[in-house]
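Every heavy atom of this structure was used, including side-chain atoms; hydrogens, water molecules and symmetry mates were not. Quick caveat, the model's predicted, so the values are computed rather than measured.
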2 protein chains.
Amino acid sequence: MVTIKEVAQIAGVSIATVSRVMSNSDYPVSPQTREAILQVAEDIGYSPNRAARSLRTERSSLIGVILDNFSSQWAPIIIRGIQDILHNSGYFTLVVNIPWEKYSQADVVQDMLGHSVDGFIFVETWHPVRERRDMLNNRPYVIVHRLFHESDPYSIIPDERQNSALVVQHLLALGHRKIAYIAGDERYFSSAQRLNTYLDTMRAAGIEVGDGWIVQGEWQVPSGYQSAKRILAAVQKPSAIVAANDGLAYGALLAVQDEGLRVPEDVAIVGYDDHEISRFANPTITTVTLPLFLMGQVAAENLLCQLQTSEREYAEQLIPGELIVRQSCGAPEGRAVYARDYARDKMDASS
Amino acid sequence: MVTIKEVAQIAGVSIATVSRVMSNSDYPVSPQTREAILQVAEDIGYSPNRAARSLRTERSSLIGVILDNFSSQWAPIIIRGIQDILHNSGYFTLVVNIPWEKYSQADVVQDMLGHSVDGFIFVETWHPVRERRDMLNNRPYVIVHRLFHESDPYSIIPDERQNSALVVQHLLALGHRKIAYIAGDERYFSSAQRLNTYLDTMRAAGIEVGDGWIVQGEWQVPSGYQSAKRILAAVQKPSAIVAANDGLAYGALLAVQDEGLRVPEDVAIVGYDDHEISRFANPTITTVTLPLFLMGQVAAENLLCQLQTSEREYAEQLIPGELIVRQSCGAPEGRAVYARDYARDKMDASS
DNA sequence: CAAATTATAGTAAACGTTTTCTATATTTCT
DNA sequence: AGAAATATAGAAAACGTTTACTATAATTTG
């Protein structure tokens with residue numbers, strides 16, 4: 001590999017000058033010299049040895065990205081958002097998945113610090129990092145899509161309240177009054193937020209929630225199926241069901257159809273998360289899409305900001321999602337014919 | 001950060017000795033000394049400075065992973081397989097997505113070499129790397145899920161022929177003789193392989209392919225829909241349709257049902273790739289699953305092997321997939337009731 | 001016009017490792 | 001027992017940068 005020394009020799013200058021040019025230092029270098037050095041560097045294909053630079057500056061242009069669950073439907077998109085920003089700023093990411101607590105987060109952080117990462121991004125993490133900040137060796141961090149209950153000023157999370165309000169208000173706007181709710185896994189703090197928003201929105205609309213309209217589910221399809229069956233057995237049958245995510249919504253859809261009822265004519269259904277299942281269900285399911293790519297971008301930008309300016313006030317950042325109106329809610333936009341809806345699909349090409 | 005010097009001082013030995021212990025050198029160090037050093041290192045939380053080590057050894061414990069399309073349904077799983085192996089061997093990965101040729105592959109490779117990566121893994125790449133091997137600076141590389149036509153000895157790819165034979169033979173075993181085929185996007189070399197395997201298998205079974213039974217599609221749902229319509233208009237109607245991927249299969253499913261025919265009673269359908277859509281379609285679609293995680297693991301192991309032993313004979317490595325029998329083919333195993341099938345689902349939990 | 005200032009460049013010391021070479025005990029061999 | 005071999009440890013040079021310090025030429029100032 002070609003080094004700074006060779007560039008200096010060929011350009012007829014000292015290595016200090018070359019260094020100043022190559023590292024974009026604000027130390028003054030005459031335009032001609034700079035130009036000449038850049039030309040030589042280009043010609044002989046010089047690129048700085050990061051290890052040497054990192055050794056000297058204690059910065060690495062590496063950002064540690066720690067995931068609790070790479071297999072989730074969200075993680076890859078968030079990561080792409082993160083990388084989109086970081087690569088453009090000359091950073092690489094060290095992405096590590098920490099499944100089943102196989103490695104402890106502390107060990108991974110330690111390893112990454114060994115590589116002198118300049119900062120950390122935690123994605124969908126269950127582990128509060130604030131109190132462990134010392135283990136980060138004073139490196140800045142950001143959390144995207146936080147899964148633990150406590151608040152953290154360096155978090156980028158979906159605006160659950162606004163998003164949940166969106167779906168409930170949509171049903172209200174369509175004239176529904178008897179709206180049931182299938183909640184998500186209690187262990188996730190987003191479950192409570194979504195449920196509470198439903199309750200708040202109903203209260204704000206002056207509607208009383210009927211007996212048996214709220215069922216505690218988990219996140220998966222079977223749970224949605226069973227929950228919907230219970231709801232349909234309520235004294236007063238609802239005309240719409242809000243599910244805390246698309247898996248539950250799809251399960252509910254099957255249950256409703258199993259009972260011989262039509263969706264959306266007899267029972268409207270809305271989900272949350274814009275899972276692929278909602279695009280392919282029959283009927284297609286109205287849902288809320290989370291701006292995951294954007295969240296990743298914002299996280300990366302926040303981190304870059306912290307890296308540049310030392311101190312600033314930070315606060316939890318809420319990113320709003322978007323209502324995707326499809327067929328299951330009975331709104332006119334949702335009544336697209338199958339073929340038309342599919343034509344819009346961006347299903348990934350096969351190998 | 002604590003350095004080797006401090007460890008040496010506290011342990012009362014030279015830095016050379018500490019280095020030999022910490023880097024697992026095979027240079028002899030007495031057991032007592034080794035033990036003492038490890039104890040001190042543990043106590044004061046020493047971990048080697050990778051930049052310094054890397055500067056000296058010209059190795060970084062970093063592997064560059066270059067993707068053409070992170071958004072594909074396969075990439076994240078392959079990456080997890082890669083990381084599963086590499087992390088256990090003390091490597092981190094520099095994962096970079098190269099979308100829309102925004103960055104050229106050569107530039108990314110160059111940047112990664114700046115970070116002294118020890119090797120490269122190309123995932124789902126369209127770019128032949130063999131002839132550009134010099135740009136890799138003699139670093140070893142492996143390709144997973146290669147998308148270009150030419151063969152490359154350092155490739156880990158699905159055994160398309162065996163997989164495709166699997167589905168066709170399955171239909172033959174079920175008694176089908178009139179089997180039509182919807183091909184995938186011609187630009188992918190796997191398309192030709194899958195189609196040819198279908199032709200070979202039919203020929204081997206002594207069955208003539210009817211007029212209009214083969215339609216050139218692309219990969220998406222609408223294309224499957226249109227292709228199936230064409231097939232159903234053939235003089236001699238087939239009793240089964242093989243689609244080159246699940247998107248096409250799903251489109252075909254809709255088309256068949258649109259014509260008032262039943263799947264699988266009137267027309268059996270099988271797909272390929274085990275896309276999520278096939279688990280949620282009605283009926284669920286029989287397909288072939290690719291061992292993506294395994295492919296990632298094998299790729300990583302191959303690379304590690306190259307890193308250890310300098311030279312060896314390599315050859316393209318084919319990894320077989322598995323037939324997933326569901327409802328759309330009419331086989332008994334596929335006749336599971338909805339609820340039972342969903343219960344098996346591992347749909348990811350929501351946040 | 002001399003002095004002070006500025007612009008630009010070079011020198012050399014770090015950064016924290018690994019590793020070659022050298023040194024000293026300790027063991028083994030004849 | 002003396003020589004040779006071995007086991008173990010330390011000294012010091014290198015790896016390729018950045019940067020504080022020093023040096024010189026060019027410019028500005030009074």
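Taking atom CZ on B:Arg50 and atom C1' on D:dC15, their separation rounds to 17 Å, with Å as the unit. Rounded to a whole Å, the CD atom of A:Gln9 is 15 Å from the C1' atom of D:dG16. In this structure, the CD atom of B:Glu58 is 15 Å from the P atom of D:dA14, given to the nearest Å. Atom CE of A:Met1 and atom P of D:dG16 are 11 Å apart (whole Å).
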Whether each nucleotide of nucleotides 17-29 of chain D has a protein heavy atom under 4.0 Å at its base (B), only at its sugar-phosphate (S) or at neither (-) is summarised, 5' to 3', as BBBBB--------
Review item, side-chain donor-acceptor pairs of residues 4-14 of chain B, under 3.5 Å, at least two apart:
from    : atom 1 : to      : atom 2 : distance (Å)
B:Glu6  : OE2    : B:Thr3  : N      : 3.3
B:Ser14 : OG     : B:Ala16 : N      : 3.4
B:Ser14 : OG     : B:Thr17 : N      : 3.4
B:Ser14 : OG     : B:Thr17 : OG1    : 3.2

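Listed by residue number, there are no residues of residues 109-117 of chain B with a heavy-atom contact under 4.0 Å to DNA chain C.
A:Arg59 is linked by a salt bridge (charged side-chain N to carboxylate O under 4.0 Å, His left out) to nothing, counting only residues two or more places apart in sequence or in another chain.
Residue B:Glu58 places its CD atom among 12 or fewer non-hydrogen atoms of other residues, nucleotides or ligands, all under 6.0 Å distant.
Taking the six-membered ring wherever Trp is involved, the centroid distance between the rings of A:Phe189 and A:Trp126 does not fall below 6.0 Å. Within the 6.0 Å centre-distance limit, the rings of A:His115 and B:Phe92 are counted as a close aromatic pair.
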Could you please spell out the steps behind the side-chain contact (heavy atoms from CB on, under 4.5 Å) verdict for B:Ile82 and B:Gln297? CA-CA 5 Å; B:Ile82 290 171; B:Gln297 289 181 312; over 6 Å; no
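Taking all atoms of both residues into account, the shortest heavy-atom contact from B:His145 to B:Leu290 is NE2-CD1, 4.1 Å. Considering every non-hydrogen atom in both A:Gln105 and A:His127, the closest pair reads NE2-ND1, 3.3 Å. The shortest non-hydrogen separation linking B:Arg50 to B:Ser61 is NH2-OG, 3.0 Å.
For the pair B:Arg139 and B:Tyr141, the NZ or CZ position fails the cation-pi test of under 6.0 Å to the six-membered ring centre and within 45 degrees of the ring normal.
Annotation: the span from A:Ser155 atom OG to A:Phe122 atom CZ amounts to 11.5 Å, rounded to 0.5 Å. Rounded to the nearest 0.5 Å, atoms CG (B:Leu113) and OG (A:Ser47) are 7.5 Å apart.
Applying the side-chain contact (heavy atoms from CB on, under 4.5 Å) test between B:Ile63 and each of B:Leu94, B:Val117, B:Leu304, B:Leu303 identifies B:Leu303 as the sole match.
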Where do N or O atoms of nucleotides 24-28 of chain C meet protein N or O atoms at under 3.5 Å, pair by pair?
none

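Picking from D:dG16, C:dG10, C:dA9 the nucleotide with the shortest atom distance to the side chain of A:Leu55 gives D:dG16.
Residue A:Ser30 places at least one side-chain N or O under 4.0 Å from the OP1 or OP2 atom of C:dA9. Phosphate contact (OP1/OP2 of C:dA9, side-chain N/O of A:Thr33, threshold under 4.0 Å): present.
The end-to-end axis angle of the helix from C:dC1-D:dG30 to C:dT30-D:dA1, rounded to 10 degrees and based on five pairs per end, is 30°.
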